[in-house]
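Report on one structure; see the data block that follows.
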Amino acid sequence: VVWTVTDASNNTATCSFNVVVNDNQSPVISCVSNKTKSTDAGKCSYTTSGTEFDLTSATDNCGIKSISNNRTGTSSLAGSIFPKGTTTVTWTVKDSADNTSTCSFTVTVSDNEKPKITCTNNATLNVDPGKCSRTIINFSLPSHTDNCGIKSIINSHNGTNTLAGAIFPKGVTTVTWTVKDSADNTTTCNFTVTVIDNEAPKITCVNNQTRST
């Protein structure tokens, strides 16, 4: 700014000074609220749909220079993959004077998908020789899968994860397999073991006898 003073004889004098205007005002931004999502079908993660996790607003008195997040380093989370569990997202907005503002929210991804399990076919077996039961030598586990991993698999007959060595009495026994995943979601399947007694009885007669009338 230059000031000029002129007297009655038209003599002049000037002085000047600078007015420096600094932008010390940070941008104003707003994040979405904390979010809870279920894992995508068959996966142990959630894929962001469009701009659902992007900033809801970002304004500045002198203009925005950049917008970024700590997940992708870009100005959008569209298509970003979030693993099972809780992830904190932080958005950072910088204006033309390098003033910055941040906001954060969490994305919690829960596994609500049950495991898949398929039991073996029903089995019909004969009793072991001389016994009224059948001892299982080997029995295939049911096929089982889960999007986030299996935690346990047990059967109702002996409460373990195997039927090897299990004894089944004569008749029909229903076996229920229960599979549990890492989020404690459970699925069951059933099959029957039918044990048949096809062993003839043993009998011994006395020796031939001779008797007088």
Side-chain angles (χ1 to χ4, degrees), residues 30-56 68-92 102-125 133-196:
S30 178
C31 277
V32 298
S33 59
N34 296 336
K35 300 295 183 181
T36 300
K37 298 290 183 177
S38 294
T39 52
D40 294 329
K43 295 186 178 181
C44 198
S45 59
Y46 175 78
T47 301
T48 306
S49 175
T51 60
E52 62 176 327
F53 296 154
D54 288 359
L55 286 173
T56 57
S68 63
N69 68 80
N70 64 329
R71 289 283 298 166
T72 64
T74 65
S75 61
S76 179
L77 279 170
S80 182
I81 298 173
F82 287 81
K84 187 183 78 168
T86 300
T87 301
T88 299
V89 176
T90 300
W91 282 100
T92 300
T102 63
C103 64
S104 299
F105 67 100
T106 60
V107 178
T108 301
V109 179
S110 301
D111 174 20
N112 298 310
E113 185 173 339
K114 292 186 176 183
K116 294 178 175 62
I117 184 172
T118 303
C119 277
T120 56
N121 294 329
N122 297 335
T124 300
L125 306 170
S133 60
R134 174 66 178 262
T135 300
I136 301 299
I137 303 301
N138 188 18
F139 220 108
S140 298
L141 285 173
S143 61
H144 53 284
T145 61
D146 186 72
N147 59 318
C148 290
I150 299 297
K151 181 179 180 180
S152 66
I153 179 169
I154 60 172
N155 69 79
S156 59
H157 188 66
N158 59 16
T160 70
N161 63 354
T162 180
L163 284 173
I167 299 173
F168 285 85
K170 187 186 78 168
V172 179
T173 301
T174 298
V175 178
T176 300
W177 281 102
T178 300
V179 62
K180 182 183 293 187
D181 67 12
S182 56
D184 290 337
N185 299 306
T186 61
T187 303
T188 62
C189 68
N190 302 313
F191 74 105
T192 60
V193 177
T194 302
V195 177
I196 298 173

Atom of [X], atom of [Y] and distance for their closest heavy-atom approach:
X: Ser133; Y: Val195; answer: C-CG1, 4.3 Å
X: Pro142; Y: Cys119; answer: CB-CA, 3.8 Å
X: Gly73; Y: Ser68; answer: O-CB, 3.9 Å

Which pairs would a plain distance check flag for residues 145-153, meaning a side-chain donor or acceptor within less than 3.5 Å of a matching protein atom at least two apart in sequence or in another chain?
residue : atom : partner : partner atom : Å
Asp146  : OD2  : Cys148  : N            : 2.9
Asp146  : OD2  : Gly149  : N            : 3.2
Asn147  : ND2  : Thr39   : OG1          : 3.3
Asn147  : ND2  : Lys43   : O            : 2.7
Asn147  : ND2  : Asp111  : OD1          : 3.3
Lys151  : NZ   : Asp184  : OD1          : 2.9

_Residues Asn70, Val89; criterion side chain to side chain contact (heavy atoms under 4.5 Å, CB included); working and verdict_ = CA-CA 6 Å; Asn70 64 329; Val89 176; 3.9 Å; yes
Just by modelled atom types, is the [Y] backbone N or O under 3.5 Å from a matching donor or acceptor in the [X] side chain?
X: Asp40; Y: Cys44; answer: no
X: Thr56; Y: Ser30; answer: yes
X: Asn34; Y: Thr106; answer: yes
X: Thr48; Y: Gly79; answer: no

May I ask you to check whether [X] and [Y] show a side-chain donor-acceptor distance below 3.5 Å?
X: Ser76; Y: Thr74; value: no
X: Ser110; Y: Asn112; value: no
X: Thr188; Y: Thr178; value: no
X: Ser182; Y: Lys84; value: yes

Between Thr124 and the options Val172, Ile196, Thr192, the side-chain contact (heavy atoms from CB on, under 4.5 Å) test singles out Ile196
Next item on the list: Decide whether a cation-pi geometry holds between Arg71 and Phe82; the criteria are a distance under 6.0 Å from NZ or CZ to the six-membered ring centre and an angle within 45° of the ring axis.
Entry: yes
- Near-ring test Phe168/Phe139, centroid separation under 6.0 angstrom: no
Rounded to the nearest 0.5 Å, how far apart are [atom1] of [X] and [atom2] of [Y]?
X: Ser75; Y: Leu55; atom1: OG; atom2: CG; value: 9.5 Å
X: Glu52; Y: Ser80; atom1: CD; atom2: OG; value: 10.0 Å
X: His157; Y: Ile136; atom1: NE2; atom2: CD1; value: 8.0 Å
X: Phe53; Y: Trp91; atom1: CZ; atom2: CH2; value: 11.0 Å
X: Asn155; Y: Thr176; atom1: CG; atom2: OG1; value: 9.0 Å
X: Leu77; Y: Thr47; atom1: CG; atom2: OG1; value: 12.0 Å

Do [X] and [Y] make a side-chain contact, defined as non-hydrogen atoms from C-beta onward lying under 4.5 Å apart?
X: Glu113; Y: Asn185; value: no
X: Pro115; Y: Thr186; value: no
X: Val193; Y: Leu125; value: yes
X: Asn122; Y: Thr194; value: no

